[in-house]
2 protein chains.
Amino acid sequence: MSKKTTIYDIAKKLNITAATVSRALNGNPKISESTRQLVNETAKEMNYEQNKLAQALKSGKSYNVGVIVPRIDSNFFALVIRGIEEVLYAKGYHVIICQTHDQKKLEIQNINSLLNAQVDGVLMSISNSGSEENENFDRLLKKNVPLIFFDRKKDIDGISAVTIDDFKAGYEAAQHLINQGCKRIAHLSNNRKIQIFNNRYLGYKQAILDNGLEFDESLVIETASKVEEGSKATKILLDMEMPPDAIFSSSDFAALGAIQEIKSRGIRIPQDICIVGFANEPFTRFMELPVTSVDQSPLEMGRISAQVFLDEVDKGKKKIPNKQVVLNPELIIRKSSLKSEA
Amino acid sequence: MSKKTTIYDIAKKLNITAATVSRALNGNPKISESTRQLVNETAKEMNYEQNKLAQALKSGKSYNVGVIVPRIDSNFFALVIRGIEEVLYAKGYHVIICQTHDQKKLEIQNINSLLNAQVDGVLMSISNSGSEENENFDRLLKKNVPLIFFDRKKDIDGISAVTIDDFKAGYEAAQHLINQGCKRIAHLSNNRKIQIFNNRYLGYKQAILDNGLEFDESLVIETASKVEEGSKATKILLDMEMPPDAIFSSSDFAALGAIQEIKSRGIRIPQDICIVGFANEPFTRFMELPVTSVDQSPLEMGRISAQVFLDEVDKGKKKIPNKQVVLNPELIIRKSSLKSEA
DNA sequence: CTGTTAGCGCTTTCAC
DNA sequence: GTGAAAGCGCTAACAG
């Protein structure tokens with residue numbers, strides 16, 4: 001390949017200096033219009049393309065932003081990412097996507113890679129298996145790399161977060177089931193060390209108490225956001241002496257597993273058991289029995305997270321209290337929980 | 001923030017030179033064991049982390065690899081990416097994921113960004129809306145950046161590709177439907193300028209001809225890989241005077257749309273119409289009526305693509321004929337096409 | 001308005 | 001085995 005052309009090549013050809021070329025290319029106002037034109041034309045002719053690496057080395061900015069999610073093959077995270085991309089691309093940033101597969105080890109590794117890539121910031125949804133320690137996040141903070149949480153967050157000083165009101169979402173889901181006449185509502189939770197899951201649980205619990213129903217802790221099972229795990233947990237529920245008449249799952253995937261298990265036993269949905277999932281994954285809409293679910297406005301969540309990052313980058317060192325953005329959840333009611341119409 | 005520590009800081013502290021530190025850190029054999037240890041310890045103490053940017057600038061290698069796919073929220077692409085990551089992470093590379101959303105404009109933009117990030121290579125599945133021109137790919141080749149296609153490829157000199165045998169997949173899908181007794185098999189194709197879609201079509205056609213059935217071109221509709229598009233196309237098919245008794249879709253998403261449309265008309269699957277999809281997306285397994293589909297071993301495809309890239313990087317300038325890897329498709333038979341058992 | 005100079009952090013030849 | 005010095009490509013402070 002022909003060596004890549006640099007500003008020096010352009011400079012030499014034009015008998016000017018590299019600095020001038022650099023300035024012309026970067027729209028520095030003190031450059032004469034004629035020089036600027038000349039440089040731009042020559043640059044085009046010579047197929048010049050800026051070496052961002054050098055620029056990044058010099059400026060300390062890479063214009064790369066890391067996004068860390070548990071997985072990319074869920075519509076929710078895919079859409080959050082899309083929202084982030086939308087906003088960040090427009091500002092000249094590039095987005096590097098990493099998956100943790102809910103493994104602490106990969107989370108650490110990802111942060112390392114991103115740090116190596118000299119990212120200007122990290123937007124992340126923490127992994128499920130996270131320990132209590134925060135050294136990982138501290139490493140970013142110490143390097144003054146802005147860190148923004150979305151969805152699965154942790155309360156850490158100096159870290160902004162964008163979430164939905166998970167308590168409210170849990171409350172509304174349970175209230176809806178109660179309105180349908182359900183009295184023993186089970187809950188497929190997830191690792192409750194993670195706030196969002198705990199909040200969904202708390203909201204669910206509060207609704208039950210507020211309606212004067214009995215709250216039975218044994219109806220709450222922590223399970224991963226996976227189809228098989230949902231089935232497994234549901235087996236336990238259905239085998240109880242007093243099985244539930246509704247299941248509120250904090251994951252659409254687990255809800256799907258629940259539905260499979262329930263149907264396999266010939267139990268009817270929603271007549272015998274109502275189901276509510278979480279995240280409004282497309283399949284909830286497409287299934288033969290559409291599933292009620294909670295929409296988290298992922299696109300919006302992504303856009304806002306990106307905006308929060310941009311704000312932090314701008315303000316630089318100035319210590320401004322970290323922002324906590326809370327979006328409104330929306331319960332999308334479908335057949336799986338409409339006892340009234342079944 | 002405390003300024004990041006560099007090899008110079010370490011050097012100063014140890015009264016040696018940065019070059020020595022660099023060598024020690026990089027495992028250069030000519031460094032005494034004692035110095036190496038000292039350097040390593042001090043580096044750890046001082047929280048030293050290598051600045052990959054500088055290293056990249058120097059070496060011309062960024063250890064970043066770009067992966068461009070139409071979308072990330074499909075299980076197929078998500079798994080291909082996972083396969084790629086697996087292999088590449090182990091070699092110290094980092095993976096930057098970009099989406100084209102099947103838009104030519106974004107495809108160009110993505111290539112630009114990746115070029116800016118000085119990626120050492122690009123693995124991609126071309127976008128649907130690609131024109132006939134290849135300038136984009138040429139830009140990569142001119143810069144000697146290895147380009148590997150997977151799944152959606154184009155025949156371009158010097159570009160390796162990893163795909164499945166789409167002709168065979170199409171053939172087997174159609175043959176299976178014929179074995180079930182279907183006689184008028186429709187095909188939801190996709191942009192046939194893209195080889196894989198054309199090959200699936202050709203295989204399907206050949207199976208029909210080989211079995212002495214009538215081939216009716218009007219049963220073939222080009223449609224995007226989307227649920228709604230699948231429904232729309234199916235409307236046309238069902239409204240025909242002689243509607244099909246089977247649909248082979250080159251996309252699971254379109255197949256899902258087809259199923260919805262068919263059911264909404266009270267037509268039975270598989271008794272009246274058999275359905276075969278493509279890509280073995282998880283929902284095909286989870287649906288109440290599990291859908292027959294073609295598995296493309298995405299993990300394997302990703303791993304191999306990554307390996308092909310590594311080989312090309314190694315061989316450097318040497319012109320070696322581009323590799324064309326073809327994997328075997330596997331038809332996963334489920335209820336949606338099992339007339340015999342319905 | 002443009003040139004000079006230095007340096008971002010690292011690697012690498014060439015000496016000794 | 002280690003040091004000195006140059007350079008990857010770009011930008012920015014300082015001159016003029």
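Because only heavy atoms are used, hydrogens play no part in the values below, and waters and symmetry mates are left out as well, while side chains stay in. Labels below follow one simple rule: chain letters A, B, ... track the order of the sequence lines, proteins then strands, and each chain is numbered from 1.
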Between [atom2] on [N] and [atom1] on [X], what's the gap in Å once rounded to a whole number?
{"X": "A/Met46", "N": "D/dG9", "atom1": "CE", "atom2": "P", "answer": "13 Å"}
{"X": "B/Arg36", "N": "D/dG1", "atom1": "CZ", "atom2": "P", "answer": "10 Å"}
{"X": "B/Asn51", "N": "C/dC8", "atom1": "CG", "atom2": "P", "answer": "12 Å"}
{"X": "B/Lys61", "N": "D/dG9", "atom1": "NZ", "atom2": "P", "answer": "17 Å"}
{"X": "B/Gln55", "N": "C/dT12", "atom1": "CD", "atom2": "C1'", "answer": "13 Å"}
{"X": "A/Asn28", "N": "D/dA13", "atom1": "CG", "atom2": "C1'", "answer": "12 Å"}
{"X": "A/Leu53", "N": "C/dG7", "atom1": "CG", "atom2": "P", "answer": "22 Å"}
{"X": "A/Lys30", "N": "C/dT4", "atom1": "NZ", "atom2": "P", "answer": "17 Å"}

Q.
On DNA chain C, compare the nucleotides closest to B/Ser22 and A/Ile31; which residue's is nearer the 5' end?
A.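 Nearer the 5' end of the strand: A/Ile31.
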Q | Residue met sooner reading DNA chain C from 5', once A/Ala19 and B/Gln50 are mapped to nucleotides | A |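 Final value for this comparison: A/Ala19.
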Assuming nearest nucleotide by heavy-atom distance, tell me which of A/Thr20 and B/Thr20 is located more 5' along DNA chain D.
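It is B/Thr20, whose closest nucleotide lies nearer the 5' terminus.
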Quiz prompt | side-chain contact (heavy atoms from CB on, under 4.5 Å) between A/Leu114 and A/Ile111, worked out | solution = CA-CA 5 Å; A/Leu114 292 177; A/Ile111 292 181; 5.6 Å; no
Next item on the list: Just do the salt bridge (Lys or Arg N to Asp or Glu O under 4.0 Å) check on B/Glu41 and B/Lys44 with the steps written out, would you?
Entry: CA-CA 5 Å; B/Glu41 282 166 19; B/Lys44 201 166 286 176; over 6 Å; no
Give the C-alpha distance, both sets of side-chain angles, the deciding distance and a yes or no for salt bridge (Lys or Arg N to Asp or Glu O under 4.0 Å) between B/Glu85 and B/Arg82.
CA-CA 5 Å; B/Glu85 286 178 345; B/Arg82 191 154 185 200; 5.6 Å; no
Side chains of [X] and [Y] in contact at under 4.5 Å (non-hydrogen atoms):
{"X": "A/Met301", "Y": "A/Leu327", "result": "yes"}
{"X": "B/Phe149", "Y": "B/Gln324", "result": "no"}
{"X": "A/Lys52", "Y": "A/Gln55", "result": "yes"}

Out of [options], which has the shortest distance to the side chain of [X]?
{"X": "A/Arg23", "options": "C/dT13, D/dG9, D/dC14", "answer": "D/dC14"}
{"X": "B/Ile7", "options": "C/dT11, D/dT2, C/dT2", "answer": "C/dT11"}
{"X": "A/Tyr8", "options": "D/dC10, C/dC10, D/dT2", "answer": "D/dC10"}

*Phosphate-side-chain proximity, A/Tyr48 and D/dC10, N/O vs OP1/OP2 below 4.0 Å*: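 For D/dC10, OP1 or OP2 has a side-chain N or O of A/Tyr48 closer than 4.0 Å.
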Requested in this report: Using a cut-off of strictly less than 4.0 Å, decide whether B/Thr35 has a side-chain nitrogen or oxygen near OP1 or OP2 of D/dT2.
Outcome: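 Yes.
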Considering only heavy atoms and no angle criterion, is a donor-acceptor pair shorter than 3.5 Å present between the side chain of B/Lys58 and the base of D/dG7?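 Present.
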Would you classify B/Ser59 as touching base, sugar-phosphate or nothing, given that sugar-phosphate means primed atoms plus P, OP1 and OP2, and contacts are heavy atoms under 4.0 Å?
->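 Touches nothing.
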*asked:* Applying a 4.0 Å non-hydrogen cut-off, can you work out what A/Thr17 is touching in the nucleic acid: base, sugar-phosphate, or nothing?
replied: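 Base: the residue A/Thr17, judged by heavy atoms under 4.0 Å, touches a nucleobase.
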- Do the side-chain N and O atoms of B/Thr35 and B/Ser32 include a donor-acceptor pair separated by under 3.5 angstrom?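 A pair is found: one side chain offers a donor N or O, the other an acceptor, under 3.5 Å apart.
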To the nearest 10 degrees, what angle separates the axes at the start and end of the helix from C/dC1-D/dG16 to C/dC16-D/dG1, five pairs each?
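Inter-axis angle at the ends, rounded: 40°.
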B/Lys61 atom NZ, over 12 foreign heavy atoms within 6.0 Å:
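Yes, enclosed.
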